[in-house]
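Letters A, B, ... mirror the listed sequences (proteins, then strands); counts begin at 1. The structure displayed is predicted, hence computed values, not measured ones.
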Amino acid sequence: MGTLIPARTLKGFRDYLPQMMIPRERIMEIARRVYRSYGFVPIDTPALEYLEILAGKGSEETDKQLYRFQDHGGRWVALRFDLTVPAARFTAQHLNELGTPFKRYHIAPVWRGENTQRGRYREFVQCDFDTIGTHSLTSDIETTLVIHDLLRAIGFREFTIRINNRRVLNGLLERLGLSDRAVLILRALDKWGKIGSEGVKRELEEVAGLTAEQAAEVLRLTEIHGDMDEVLSRAERLVQGSAVGEEGVAELREVVRGAVAGGVARECLIVDLAIARGLDYYTGTIYETFLAALPGIGSVCSGGRYDNLAALFTTQPLPGVGASLGLDRLLAAMEELGMLEAVSTTAPVFIVFFDHQHRDDYLRLAAQLRTAGLAVELYPEPKKLAQQLKYADRRGHRVAILIGEDEFRKGVCQVKDLKAGTQSEVPLDPQCSALIEHLQRLLG
RNA sequence: GUGGCUGUAGCUCAGCUGGUUAGAGCACCAGACUGUGGAUCUGGGUGUCGCGGGUUCGAAUCCCGUCAGCCACCCCA
């Protein structure tokens, strides 16, 4: 008798049980459907890349979080920490076959060796979509529309897409002569929602070394709230004199107007001059999306515009814009909000197994129903009826079909609605057309 | 990565300052009910007290280490 190996998973890595995997796949399917409805096309890339492809591409922080090691051939390799850098490499490598603008989506796991927390894992799935190879703000607008459609399709009504433009921030900092400290300032500013004006002011002065007057100027960004048009005009005054800043405000105005014209509900869209996060490569529009019911979990869909994604891989400039839905974080939120139905079956129809003599009949019936597009599970053995029904009920099957000796003799079947508890007798013709019709009506 | 909290049954937890065979509710399994689930009743504990070591006559309880989860920082999806 050997020693058992403890069954366990690594910190930040998880198993997915059916009741988790079913909604997970459902959301991935929704994301695919929404992306495709805008003409985005799927791609995939390897999980593992040459280290030099990934190292130093995000921020200092993502560099630290990079899983890296030598492979069996002595090559230095790393697991991708996002899908954007691999997309840059991919686009540079296949540019001639792709042509621009290139709209791709990519749903795949990424890895970051950081400390874990609720909604924060070391392996998680991102659902990216990007439009590469165009400067047009139409694509920024479309990105907003996709985020909006996506969250609505998943079932959210109350969420806010916070939108800003890096140029607005850069313009303001330029005007204040603080461009060299942009990173520190944006980092401090970004904490506003958490530590408040006083906290940000302190950090601006102590960490970024701003004077009290400069800090106050920067903080004015956070004081601008309310109506979008009002926010935009005030932003305009704030950056007055800076060409970059004025350009940023103009872009922001155009994107917001376009998004509303394209169908984004006004209450879902907020111009928030204080959002600054995102990886260092963003240069224009930036997006963050928060759930009204659970803002604490962080942004569930972030992104932005970058001027030159693939500068390190090709001399050809490749601007682009896109965003990424954090599937695992979103699911953690939905679980906390009780939005996940406890279903652990993928087949709405359940066939009770009465009698071994009739196995072929059950198999034939199941096949006919599947041909009609219905997902059907046949219980594998003639256990007690009560147990089979209990099993079907627990799993979340919607209807059970009962055919025993009596039914076979009469040429009918019992169709039991497991949710309503009602049952009706349906004739069994050779094509099962009456049954199929009945089931389709029952299942909507 | 830094600091803190937690870890007892499938789940939520109780188990006082160390003391005999480790408990509750829910869930689960079996039966009452060999053709009707969610209800009721009866029966069943389903457990390496996360793991390893130490202190002790004796450890779920105290100490150290480790693994994991959570919280804050950091950063981010």
Same-atom distance (P) from B/G3 to B/C64, integer angstrom: 15 Å
Determine the contact category for A/Y391: base if any of its heavy atoms lies under 4.0 Å from a base atom, sugar-phosphate if only primed atoms, P, OP1 or OP2 are that close, otherwise nothing. nothing
Is the shortest side-chain N to carboxylate O distance from A/E205 to A/K201 below 4.0 Å? yes
Regarding the side chain of A/D393, the nearest nucleotide among B/C75, B/G37, B/G35 is B/G37
Roughly how many Å is it from NZ in A/K390 to C1' in B/A39, rounded to a whole number? 11 Å
With respect to the phosphate group of B/G31, does any side-chain polar atom (N or O) of A/K384 fall under 4.0 Å of OP1 or OP2? yes
Any donor-acceptor N/O pair under 3.5 Å between B/A77 base and A/E114 side chain: yes
Give a yes/no verdict on a cation-pi contact between A/R36 and A/Y105, requiring under 6.0 Å between NZ or CZ and the six-membered ring centre and an angle within 45° of the axis. no
Could you tell me how far B/G31 sits from B/U20 if I compare only their C1' atoms? Round to whole Å. 35 Å
Between A/R14 and A/Y121, is NZ or CZ placed under 6.0 angstrom from the six-membered ring centre and within 45° of the ring axis? yes
Check this for me, if you would: do A/E217 and A/R220 make a salt bridge, where the nitrogen-to-carboxylate-oxygen distance has to be below 4.0 angstrom? yes
Which nucleotide in the set B/A30, B/G37, B/A77 lies at the smallest distance from any side-chain heavy atom of A/K383? B/A30
Who is the Watson-Crick or G-U wobble partner of B/G45, with both distances under 3.5 Å? none
Ignoring the backbone of A/R394, work out which of B/C28, B/A77, B/C75 is nearest its side chain. B/C28
Can you tell whether the side chains of A/D130 and A/K103 come within less than 4.0 Å, N to carboxylate O? no
Return no unless some side-chain N or O of A/T116 is found under 4.0 Å from OP1 or OP2 of B/G69. yes
What's the gap between B/A14 and B/U2 when it is taken at their P atoms, as a whole Å value? 30 Å
In terms of side-chain heavy atoms of A/R120, which of B/C74, B/G37, B/G1 is nearest? B/C74
If B/C74 has a Watson-Crick or G-U wobble mate with both distances under 3.5 Å, name it; if not, just say none. none
Compare side-chain N and O positions of A/Q19 against OP1 and OP2 of B/G10 and report whether any pair is under 4.0 Å apart. no
Per A/R329 side chain, nearest of listed nucleotides B/U36, B/G35, B/C76: B/C76
The side chain of A/N115 lies closest to which of these nucleotides: B/U2, B/G31, B/A77? B/U2
Rounding to an integer number of angstrom, what distance separates B/U66 and B/C5 when you compare their P atoms? 15 Å
B/G69 OP1/OP2 closer than 4.0 Å to side-chain N/O of A/Q117: no
Any strand counts, and the cut-off is 3.5 Å on both contacts for Watson-Crick or G-U wobble. Which nucleotide pairs with B/A9? none
Testing B/U36, B/C75, B/A77 for proximity to the side chain of A/R187, the answer is B/C75
Electrostatic pair A/R120-A/E114, nearest N-O below 4.0 angstrom: yes
Heavy atoms from C-beta onward define the side chain here; which of B/G35, B/C75, B/G31 lies closest to that of A/Q387? B/G31
Are the ring of A/F354 and the base ring of B/G35 both nearer than 5.5 Å at their centres and tilted by less than 30°? no
Does any donor-acceptor pair link the side chain of A/E407 with the base of B/G35 at a separation under 3.5 Å? yes
Under-3.5 Å donor-acceptor pair between A/Q423 side chain and B/U36 base: yes
Go through the N and O atoms of the side chain of A/K416 and the base of B/U36, and report whether any donor-acceptor pair is under 3.5 Å. yes
